[in-house]
Amino acid sequence: MAEITNIESLESVLEKHIPDEQLKEVKRLLFGKELKYITLISKLELCSAAVELAQKHSFEIKGYVFDAQYEQLRIAREVTVAIVQHSIVLPTTAAIEKQRKAIYEKIGNIVKAVATCNTNIICFQECWILCFDSICFEPAMPFAFCTRENLPWKEFAESAENGPTTAFCIQLAKMYNLVIISPILERDELHGDVIWNTAVVISNTGKVLGKTRKNHIPRVGDFNESTYYMEGNLGHPVFQTEFGKIAVNICYGRHHPQNWMMYGINGAEIVFNPSATVSGLSEPLWPIEARNAAIANSYFTCAINRVGSETFPNEFTSGDGKPAHNTFGHFYGSSYIAAPDGSRSEGLSRVSDGVLIAKIDLNLCRQIKDIWGFRMTQRLDLYAKCLNEVVSPDFKPLLKQ
């Protein structure tokens, strides 16, 4: 049966068909504890300017509050984070500069809405790109790694340290007091012009705190990414910001529990997962993986996915035996935020641009560690010994017969 790509969201289907009294319990079972929804009249207000921008320019805006228990000796460590999902506007055949200009107004208004809500940290989806012009975001790059073509797609690659995107984000970070996570296609000019899938982290003072690279590269379906870049070589860095310790687990790395674990071991309190994934491949996994990581590692996770469909001028083939085609598939959005206690927000739309804003209390991370004791019972020594044996060339499975 063909997939249905025009369903707005799982939540919209539930709300349409389940009576209100039962719906509340269904959502509790699906999403954990009931979260406070940010509206104009609730505890954390989405300012009227943000709501008006969303209505005027047809993008979704949602907000939630993740509380922690009151403590006598620690004040609440409240942080406001925002994640953004968006589609391209012009077809992939359009000139690069035209693609950038066409999407400017849509994304620029989303960013303005985020800035008016006193957001502290913002993260964008995997592989977006900016035009250095005034104070505007212009993500324009299609997710073209399915094509295995060099041009024009590799023209989007730029220096993580000195490229126009980073220069622009520095300006924006200073202007709005924002920590910015900017996932780009990196051109490493100091090491032979090699390309990497990279996220640059910029502090709210405009300092480049560093970068991290995609640790796991897919070779599945249309995701032919190893044509462009290989596995990252920077490990699992965590970045100390004014608003907490953050990390970035790029896209396919979410399928590897050890990847999530290492960010937690290095002290992360929020891990962002900027992604680009399609409905025919991963949608059943999507609502589970980042949420599981939040539970297992006692930190917050922010899962961000691209939205929309992208068609390319030339057909391409995959390793799954399907006929040649020129459409990647439907990027299903559904971005969400999950907490260490297992609760999560509802997702953004499967079909529309949107921004999800959450006010979170980082004290919840330690509180959940104390309740569940996952770190205390983790037994890293046991697994370190076993894994050291596994990577040995003469390893033999511990199989008793």
Side-chain angles (χ1 to χ4, degrees), residues 84 86 88 95-101 103-104 107-108 111 121-145 147 149-176 178-217 225-241 246-253 272 274-276 304 306:
V84 179
H86 60 82
I88 62 173
I96 292 176
E97 186 61 29
K98 289 184 178 180
Q99 291 186 55
R100 285 173 168 166
K101 289 182 178 179
I103 206 167
Y104 157 66
I107 301 305
V111 174
I121 306 171
I122 186 171
C123 183
F124 295 90
Q125 65 199 29
E126 182 183 18
C127 282
W128 71 298
I129 195 166
L130 304 175
C131 178
F132 188 62
D133 178 23
S134 183
I135 53 169
C136 63
F137 281 88
E138 297 191 56
M141 183 180 179
F143 205 75
F145 306 125
T147 68
E149 298 168 344
N150 284 320
L151 296 177
W153 316 123
K154 288 186 178 180
E155 294 185 70
F156 284 102
E158 60 178 278
S159 167
E161 292 78 16
N162 305 309
T165 300
T166 298
F168 176 80
C169 287
I170 289 172
Q171 182 185 29
L172 194 73
K174 292 178 179 178
M175 183 178 300
Y176 290 117
L178 270 174
V179 172
I180 298 176
I181 300 168
S182 175
I184 65 169
L185 191 63
E186 178 193 3
R187 173 78 70 178
D188 189 354
E189 297 170 342
L190 296 179
H191 298 90
D193 284 333
V194 172
I195 290 176
W196 303 93
N197 189 320
T198 298
V200 182
V201 180
I202 301 167
S203 80
N204 56 312
T205 65
K207 177 184 177 182
V208 177
L209 294 178
K211 63 187 178 184
T212 185
R213 290 171 174 157
K214 190 171 182 175
N215 284 327
H216 299 274
I217 307 301
E225 296 175 44
S226 56
T227 304
Y228 298 86
Y229 45 77
M230 298 301 287
E231 286 77 9
N233 59 357
L234 299 180
H236 301 83
V238 172
F239 303 92
Q240 177 70 67
T241 75
I246 65 175
V248 191
N249 179 4
I250 302 175
C251 198
Y252 193 73
F272 295 86
S275 301
I304 310 145
R306 203 177 189 91

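Everything numeric here is computed off the predicted structure, so don't read it as measured data. When reading the values below, keep in mind they use all heavy atoms of this one structure, side chains included, and skip hydrogens, waters and symmetry mates.
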Search all heavy atoms of [X] against all heavy atoms of [Y] and return the closest pair with its distance.
X	Y	value
Ala199	Ile250	N-CD1, 3.8 Å
Ala276	Glu126	N-OE1, 3.2 Å
Thr212	Gly235	OG1-O, 4.4 Å

Which residue, Ile170, Ile181, Val208, forms the side-chain contact (heavy atoms from CB on, under 4.5 Å) with Val200?
-> Val208

[atom1]/[X] to [atom2]/[Y] distance, rounded to the nearest 0.5 angstrom?
X	Y	atom1	atom2	answer
Thr227	Ile195	OG1	CD1	11.0 Å
Ser275	Ile304	OG	CD1	7.5 Å
Cys169	Met175	SG	CE	11.5 Å
Asn215	Asn249	CG	CG	7.5 Å
Ile122	Ile202	CD1	CD1	12.0 Å
Lys214	Cys127	NZ	SG	7.0 Å

Take Phe272 and Ile121 through the side chain to side chain contact (heavy atoms under 4.5 Å, CB included) test and state the conclusion after the steps.
-> CA-CA 10 Å; Phe272 295 86; Ile121 306 171; 3.7 Å; yes

Could you list the residues that satisfy side chain to side chain contact (heavy atoms under 4.5 Å, CB included) with [X], not counting sequence neighbours?
X	value
Asn204	Asn177, Val179, Glu242, Phe243
Lys207	Ser203, Thr205, Leu209
Glu231	Ile217, Arg219
Asn162	Ser159

With sequence neighbours left out, what residues match Glu161 under salt bridge (Lys or Arg N to Asp or Glu O under 4.0 Å)?
-> Lys211

Would you say that [X] contacts [Y] through its side chain, given a criterion of any heavy-atom pair below 4.5 Å between the two side chains?
X	Y	result
Pro183	Phe124	yes
Tyr229	Thr198	no
Asp188	Arg213	yes
Asn197	Tyr228	no

All side chain to side chain donor-acceptor pair (under 3.5 Å) counterparts of Asp193, not counting sequence neighbours = none

